[in-house]
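Contents: one structure, followed by commentary.
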Amino acid sequence: MIGEQLKRVLIVEDDTDIATAVSIGLRGKGHEVAVATSGRQMNEVLAETEVDVIFLDLGLPDVDGLELITQVRQWSAVPIVVISARHDSQGKIAALDAGADDYVTKPFSLGEVLARLRAIERRAGSGSESSVLRTADGRVVIDLAAHVLHVEGTQVHLTPIEWNMLAVFAKHKGALVDARTLLTEVWGPEYVGERGYLRVYMSQLRQKLEVDPAQPQYLHTQMGMGYRFTP
Ligand code: CA
């Protein structure tokens with residue numbers, strides 16, 4: 001299964017050293033790889049070819065990467081992994097908000113790229129477990145199977161990672177969920193050290209679910225221990 005679902009990879013990166021190294025590595029693992037070095041080229045490739053996943057550099061010469069994510073999300077749910085500069089944490093967060101699914105930070109190894117692909121494949125294959133969960137105050141209604149979230153009657157979009165986090169929280173409703181469990185179940189065991197991911201995505205989930213993200217009612221941080229979901 002691994003390597004089949006996400007066989008066709010599009011790399012959008014104007015740094016040709018990076019694009020070449022990644023494409024050689026991925027071809028060696030049996031992927032079909034297309035490379036675009038600008039936003040315009042990316043759109044040309046997407047118009048002609050179906051791809052299973054896009055690795056997208058945020059710093060392209062012609063079009064802003066965030067703009068490209070927004071454009072793609074208007075017509076496709078294809079997984080997008082952002083390639084971001086080391087110090088651009090705002091860019092990463094903006095990209096995730098715009099609909100990107102994950103990110104890698106330069107410089108990155110082929111191993112990291114492959115790990116992202118495995119994580120996306122796992123999430124795609126993890127399927128649905130249970131039904132509708134409603135917070136005690138009725139504000140938030142979560143349909144885990146259908147991937148539909150309503151907050152105060154309005155449908156709210158969650159990214160695949162946010163859905164997977166919410167699914168883990170739902171499974172452990174009311175219980176302490178430690179960082180290791182979350183990282184392992186959402187991203188995979190090779191991510192257990194990536195505590196920074198949790199801060200980013202917990203913040204996003206709170207923005208979407210809570211009345212006041214600074215004073216969460218549902219998604220609590222247990223300092224030094226993990227998180228607790230009390231719907
Ligand atoms: Ca660049």
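Counting starts at 1 for both ligands and their atoms, following the listed order.
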> So which pairs with a foot in residues 94-120 pass ring-ring contact (aromatic ring centres under 6.0 Å, His included), sequence neighbours left out?
Replying inline: Y103-Y197

>> Just verifying a value: how many Å separate I80 CD1 and L68 CG, rounded to the nearest 0.5 Å?
In response: 8.5 Å

>> Test: salt bridge (Lys or Arg N to Asp or Glu O under 4.0 Å). Region: residues 210-231. Which pairs qualify, not counting sequence neighbours?
In response: none

> Could you give all pairs that pass the salt bridge (Lys or Arg N to Asp or Glu O under 4.0 Å) test and reach residues 69-78, with sequence neighbours left out?
Replying inline: R73-D101

> How many protein N, O or S atoms sit closer than 3.0 Å to the Ca ion (ligand 1)?
Replying inline: 3

> Should L60 and S38 count as side-chain neighbours, where that means a heavy-atom distance under 4.5 Å?
Replying inline: no

>> If you count heavy atoms of other groups shown closer than 6.0 angstrom to CZ of R27, is the number above 12?
In response: yes

